[in-house]
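The structure appears below as structure tokens.
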Amino acid sequence: MFENLSERLSGVFDRLTKQGALSEEDVKTALREVRVALLEADVSLPVARDFVKKVQDQATGQAVTKSVTPGQQVVKIVHDALVDVLRGEGDPGKLKIDTPPAPILMVGLQGSGKTTTTAKLAKRLKDRDGKRVLMASLDTNRPAAMEQLAILGNQIGVDTLPIVKGEDPVAIAKRAKTQASLGGYDVYMLDTAGRLHIDQELIQQAADVRDVVKPRETLLVVDGLTGQDAVNVATEFDDKIGVTGVVLTRMDGDGRGGAALSMRAVTGKPIRFVGLGEKMDALETFEPDRIAGRILG
Ligand code: GDP
């Protein structure tokens with residue numbers, strides 16, 4: 001087992017003479033360790049470098065508090081700085097769904113957990129916020145994916161738009177919109193097609209649907225274990241379609257959560273929710289504090 005960062009830093013500081021304030025040299029030494037910890041947590045190199053530089057300026061010259069060791073103090077400074085970067089504006093769990101029927105567009109690569117997340121979020125909106133939700137799958141290339149959403153809908157007690165064979169995604173989106181208005185739904189969620197890689201057709205399709213429904217939220221679902229790839233995917237989706245938030249899935253896995261930091265730093269998009277398992281209630285509002293703790297190990 002590796003020691004965690006806190007222990008490592010205490011070790012570093014034990015070797016340094018105790019002073020009244022954190023000297024530039026102390027901070028530099030500590031931040032070398034921090035940088036390694038960030039890289040081990042799968043934060044991308046440029047993001048780790050920028051972050052460490054920012055913290056260095058902040059930490060140098062800070063008075064050492066009596067109650068904690070300099071190592072603990074640097075960890076706290078780093079922790080707070082992480083939370084600062086990770087936190088978006090406003091409440092991540094609050095979606096813009098005030099005017100019914102509010103469209104939510106779900107986008108992401110195949111296998112990212114998009115369909116599961118669509119259903120989890122629908123359940124959350126129904127159970128917590130008392131919303132009437134309609135879900136529709138636009139994945140016309142994969143009938144199994146459309147079926148999967150219908151099965152999940154049944155399981156959680158959320159309506160899905162009936163599947164009509166041969167309809168294209170834009171037509172399905174229009175039908176969902178009409179059905180949502182006529183049926184008095186508060187929210188309709190569109191689970192767009194996924195692919196293994198981003199391709200022109202996928203992007204075009206999502207853009208066409210976006211133009212038709214004008215979503216209130218466009219949530220990108222990405223696998224939190226894919227690190228830098230997740231960040232590249234987010235950048236591309238945001239450039240081409242425009243996303244309002246990110247859902248990181250598989251945060252129940254072994255990953256240290258560094259993708260969250262890279263994601264925020266590179267795309268500037270808020271992380272709204274995290275997926276913590278396969279079950280329908282394994283979705284939580286993103287909490288910067290918890291991820292920061294996890295990144296620091
Ligand atoms: P899609 O192709 O993007 O729609 O992906 P799916 O929603 O079908 O999910 C792919 C697999 O990942 C399924 O087996 C899900 O149960 C699983 N999955 C989705 N989200 C999570 C998560 O947060 N944690 C874990 N452990 N598994 C997840």
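- For the residue pair T118 and M189, the shortest heavy atom distance occurs at O-CE, 3.5 Å.
- A cation-pi arrangement is absent between R272 and F286, since the terminal nitrogen or guanidinium carbon is not both under 6.0 Å from the aromatic centre and inside a 45° cone about the axis.
- D50 and K54 are not joined by a salt bridge, as no carboxylate oxygen comes within less than 4.0 angstrom of a charged side-chain nitrogen.
- Contact of the E147 side chain with the I163 side chain is registered, since non-hydrogen atoms from C-beta on lie closer than 4.5 Å.
- Between D223 and V233 the shortest side-chain heavy-atom distance does not fall below 4.5 Å.
- In this model, no donor atom of one side chain and acceptor atom of the other lie less than 3.5 Å apart for R210 and T192.
- The two atoms that bring V231 and A259 nearest to each other are CG2-O, 4.3 Å, heavy atoms only.
- For the pair A48 and L39, the tightest heavy-atom approach, listed with the atom from each and the gap, is CB-CD2, 4.0 Å.
- Counting only heavy atoms from C-beta outward, the side chains of M146 and T160 never approach each other to under 4.5 Å.
- One finds a salt bridge joining K114 and D191 here, because a Lys/Arg side-chain nitrogen approaches an Asp/Glu carboxylate oxygen to under 4.0 Å.
- Side-chain atoms of F273 and T285, non-hydrogen and from C-beta on, do get closer than 4.5 Å to each other.
- Taking every heavy atom of both residues into account, D186 and G130 meet most closely at OD2-O, 4.2 Å.
- Side-chain atoms of T116 and T249, non-hydrogen and from C-beta on, never get closer than 4.5 Å to each other.
- Under a hydrophobic-cluster definition in which Ile, Leu, Val, Met, Phe, Trp and Tyr are linked whenever side-chain heavy atoms come within less than 4.5 Å, directly or via other members, V158 and L219 are assigned to the same cluster.
- A donor and an acceptor atom, one from each side chain of N232 and E236, are nowhere located under 3.5 Å apart.
- Residues D238 and L220 have side chains not in contact (no heavy-atom distance under 4.5 Å, counting atoms from C-beta outward).
- The shortest non-hydrogen separation linking M263 to L248 is CE-CD2, 4.0 Å.
- Counting heavy atoms of neighbouring residues, nucleotides and ligands inside a 6.0 Å radius, atom CZ of R175 exceeds 12 of them.
- The local environment of NZ in K126 is crowded, with over 12 non-hydrogen atoms from other residues, nucleotides or ligands closer than 6.0 Å.
- Looking at heavy atoms from C-beta onward, F237 lies out of side-chain contact with V222 at the 4.5 angstrom threshold.
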